[in-house]
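Chain identifiers are assigned alphabetically (A, B, ...) following the order of the sequence lines, protein sequences preceding nucleic acid strands; residue numbering begins at 1 within each chain. What you are looking at is a predicted structure, and each value in this text was computed from that prediction instead of being measured.
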Protein chains: 2
Amino acid sequence: MNATAAGPPHGPDDACRTREVLDIVGDKWSLLVVRHLSQGPHRFTELKRGIDGISQRMLTVTLRALERDGILTRTVRAVMPPHVSYALTPMGRTLRTAVLPLLEWSTTHLAHIDAARADYDARPDTPGNGL
Amino acid sequence: MNATAAGPPHGPDDACRTREVLDIVGDKWSLLVVRHLSQGPHRFTELKRGIDGISQRMLTVTLRALERDGILTRTVRAVMPPHVSYALTPMGRTLRTAVLPLLEWSTTHLAHIDAARADYDARPDTPGNGL
DNA sequence: CTGTATCCCGATCGATACTG
DNA sequence: CAGTATCGATCGGGATACAG
């Protein structure tokens, strides 16, 4: 083992898993919903108000997908007006835990990335900048 | 601490970060490129062959974005034929590390998710299945 | 070998209106 | 309150052709 080849090896179907994870959490809203529910169950309207910019439609679509995947549960109380509560399943909570390092990474490195972008955009001898 | 309210609290701008991380790694190919480069530097054609299904265009686009973000470096050797090598930066390697738990989570839970989906699709009393 | 340019299709997603 | 239905704009991304 030398210095140039770092990191653990990976099997050929790790790629498939990478894809499937992104299908589940890689979209615009899923992680935001999971994050919100990590603090306890919430109702539809609470989520809509809590997640900035999400439309009624996308909240419904996202919740359905996460429910189907067993990430959260949907509990309907048949009263008037309707009362629907969403809560993370145990698996949903493990997902939250698994995503946490990535979120912490972003907290640590986002400023660095902004700097890298500014630097890249300032360089004239770079593809797309006109050399 | 009780059972209903689990998980750490979060600030209001965690949402922004969640978004920005997804902008960087949430697309179809970025993580696959990072994963591939975690085993050492690679040339354009090697990456193209190694990442199944990626088009020339998307490989270029993805590499440019990751380079701009400081995740990887692009090294050109001015020979004929051209020789371009891509390698993870130190920050790129920390990203790889931060994503690892999520990938391990998928390895552990993907079968469970498939089961949850089959179960959900089999239930007749569920939205979209015709109640 | 390592790209760039163009076209085009399907998926995504926001806005809006309507319903039990 | 908690959705569903529909429409339209936008965008990712694949195919292909061309270039240094």
Query raised in the report: Within this structure, what is the NE2-to-C1' distance between His42(B) and dC1(C), rounded to whole angstrom?
Result: 17 Å

Query raised in the report: Between dC1(D) atom P and Arg74(A) atom CZ, what is the distance in whole Å?
Result: 16 Å

Query raised in the report: Which whole-number value in Å describes the distance from Lys48(A) NZ to dG3(D) P?
Result: 13 Å

Query raised in the report: When you check the phosphate oxygens OP1 and OP2 of dC1(C), does a side-chain N or O of Arg77(B) lie under 4.0 Å from one of them?
Result: no

Query raised in the report: Do other residues, nucleotides or ligands put more than 12 heavy atoms under 6.0 Å from Asp52(A) CG?
Result: no

Query - Distance, rounded to the nearest Å, where Leu63(B) contributes CG and dC1(C) contributes P - result: 16 Å

Query - Side-chain N,O (Arg43(A)) to OP1/OP2 (dC1(D)) below 4.0 Å - result: no

Query raised in the report: What residues form a side chain to side chain donor-acceptor pair (under 3.5 Å) with Arg49(B), not counting sequence neighbours?
Result: none

**Report entry** Interatomic distance, Glu67(B) CD vs dT2(C) P [rounded to whole Å]
**Finding:** 15 Å

Query - For atom CZ of Phe44(A) and atom P of dA2(D), their distance in whole Å - result: 8 Å

Query raised in the report: Roughly how many Å is it from NE2 in His83(B) to P in dC1(C), rounded to a whole number?
Result: 12 Å

Query raised in the report: Does Trp105(B) have Arg17(A) sitting over its ring (NZ/CZ under 6.0 Å from centre, angle to axis within 45°)?
Result: no

Report summary line: Protein-proximity profile, nucleotides 5-20 of chain C, B/S/- by nucleotide at the 4.0 Å heavy-atom cutoff, equals -B------BBB-B--B

Query raised in the report: Closest heavy-atom contact between Gly70(A) and Thr89(A)?
Result: O-OG1, 2.7 Å

Report task. Calculate the interatomic distance between Leu59(A) atom CG and dG3(D) atom P; express it in whole Å. Result -> 8 Å

Query - Short side-chain N/O contact to dT2(C) OP1/OP2 from Thr45(B), under 4.0 Å - result: yes

Requested in this report: Using only side-chain N and O atoms of Tyr86(B), determine if any of them is under 4.0 Å from OP1 or OP2 of dC1(C).
Outcome: no

Report task. Hey, could you give me the CD/CG distance between Gln39(A) and Leu88(A), rounded to the nearest 0.5 Å? Result -> 10.5 Å

Query raised in the report: Are there more than 12 heavy atoms of other residues, nucleotides or ligands under 6.0 Å from atom NE2 of His83(A)?
Result: yes

Report task. Check whether the side chains of Ser85(B) and Arg77(B) place a donor and an acceptor atom closer than 3.5 Å, and report yes or no. Result -> no

